[in-house]
Amino acid sequence: MKDRVFSGIQPSGNLTIGNYLGALSNFSKQQDKYDCIYCVVDLHAITSGIDPKTLHERSFEIMALYLASGLDPNKSIIFYQSHVPAHAELMWALNVITPLGQLQRMTQFKAKSAKKDEIQAGLLNYPILMAGDIVLYDAKYVPVGDDQRQHIEFTRDLVEKFNGIYGETFIMPEMLKTKSGARIMSLQDPTSKMSKSDEDDKASIFILDEPKRIEKKIKSAVTDSLGNIDYNNEQLGLKNLINIYSAITLKSPEEIVSEYSGKGYGAFKGDLAQIVVEALRPIQENYKEIISDKGELERIYKDGADKANEIASKKLSEVYEKIGFVKK
Ligand code: TYM
């Protein structure tokens, strides 16, 4: 039997090239080697306080982008998290064994809650829901961006804890990084990650941005006044642009630096813009076609939910039995 891969993306905003280079571009590559399950994690998305109409639209967009980026429903299971009740049910079982202190120490929780007057329990419990997603399907590999490392570590701790209490039940998952291992940063502030929820539109390149817009955003990306192409921590804006270039072309940063040495930032940015535009073009074209056929989309996600439910409900029964619940 093939090892299983599981990952998910939240429909909480327009997807950026950070989502693409850190995660989505890695999804379709796993389809032939592994048994793949990809989820639109809408239960997670509501922790962001997203309004119902936007959530609904984004949910369709992400499903269409999954397919546009090469996910094949004949090879991978593709579904919405809210269509499989076992995600929320397993979360409760994991919730009761999770130490509160560990949740409070999570960097994402600390960063997000620092901006809020009222901190919701859902934000705190987010990593438990994510851990449940992964272990529900006995996933061995989880393709995610570097910013999710702590959540994967958390999942591993929880697996150890559950297995320690109730006996061997879940397998130990591992993070599957993209070749470049990229963490794409904001184009306007290279010390913070590029995020779909950034209020500054110029900070992120969205997968569905038009070519002109992409060129404009890259041209106005923050660099420095040193003026020489180099890859170091004093030139963080440039470093981020080189990382984007490297993640798409698979050239190493050293190769890129030597290719552009002596050339100005303008020439480098111009080429980078073309590279990004060309990388996104096929996805954008596929997307237009896929989103226009909602009937076909519906058929795909309903079929995905049926298949996911079959696996998940079996695993949940196994978990319930281990816990000692009476079988119905
Ligand atoms: P989300 O929707 O925030 O991000 C989706 C994926 O995109 C990656 N990513 C990035 N990679 C590189 N650079 C960036 N700037 C960047 N921004 C985002 C994220 O690492 C992620 O892989 N918690 C998950 C969603 C989730 C999940 C799961 C993932 C819920 N359950 C189970 C895997 C398995 C998240 O942050 O999604």
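Start at 1 and go down the list; that is how both ligands and their atoms are numbered. Atom set for the values below is all heavy atoms of this structure, side chains included, hydrogens, waters and symmetry mates excluded.
Atom CD of Gln102 sits in a crowded spot, with more than 12 heavy atoms from other residues, nucleotides or ligands closer than 6.0 Å.
Residue pairs meeting the salt bridge (charged side-chain N to carboxylate O under 4.0 Å, His left out) criterion with at least one member in residues 112-126, sequence neighbours excluded, do not occur.
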I'd like the atom pairs linking ligand 1 to the protein - N or O on both sides, separation under 3.5 Å - with distances to 0.1 Å.
{"from": "ligand 1", "atom 1": "2 (O)", "to": "Gln10", "atom 2": "N", "distance (Å)": "2.9"}
{"from": "ligand 1", "atom 1": "2 (O)", "to": "Lys196", "atom 2": "NZ", "distance (Å)": "2.6"}
{"from": "ligand 1", "atom 1": "3 (O)", "to": "Gln10", "atom 2": "NE2", "distance (Å)": "3.3"}
{"from": "ligand 1", "atom 1": "4 (O)", "to": "Asn19", "atom 2": "ND2", "distance (Å)": "3.4"}
{"from": "ligand 1", "atom 1": "7 (O)", "to": "Asn19", "atom 2": "ND2", "distance (Å)": "3.0"}
{"from": "ligand 1", "atom 1": "11 (N)", "to": "Gly18", "atom 2": "O", "distance (Å)": "3.1"}
{"from": "ligand 1", "atom 1": "13 (N)", "to": "Ile184", "atom 2": "N", "distance (Å)": "2.9"}
{"from": "ligand 1", "atom 1": "15 (N)", "to": "Ile184", "atom 2": "O", "distance (Å)": "2.6"}
{"from": "ligand 1", "atom 1": "15 (N)", "to": "Met194", "atom 2": "O", "distance (Å)": "3.0"}
{"from": "ligand 1", "atom 1": "20 (O)", "to": "Gly145", "atom 2": "N", "distance (Å)": "2.8"}
{"from": "ligand 1", "atom 1": "20 (O)", "to": "Asp147", "atom 2": "OD1", "distance (Å)": "2.5"}
{"from": "ligand 1", "atom 1": "22 (O)", "to": "Gly145", "atom 2": "N", "distance (Å)": "3.1"}
{"from": "ligand 1", "atom 1": "23 (N)", "to": "Tyr126", "atom 2": "OH", "distance (Å)": "2.7"}
{"from": "ligand 1", "atom 1": "23 (N)", "to": "Gln148", "atom 2": "OE1", "distance (Å)": "2.9"}
{"from": "ligand 1", "atom 1": "31 (N)", "to": "Asp133", "atom 2": "OD2", "distance (Å)": "2.7"}
{"from": "ligand 1", "atom 1": "36 (O)", "to": "Gln148", "atom 2": "NE2", "distance (Å)": "2.9"}

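In summary, Glu278 and Arg281 engage in a salt bridge, as defined by a charged side-chain N under 4.0 Å from a carboxylate O.
Between the side chain of Ser76 and the backbone N or O of Pro73, no donor-acceptor pair lies under 3.5 Å.
For an aromatic pair to be called close, the ring centres must be under 6.0 Å apart, and Tyr260 with Tyr245 satisfies this. Aromatic rings from Tyr80 and His87 are positioned such that their centres are separated by 6.0 Å or more.
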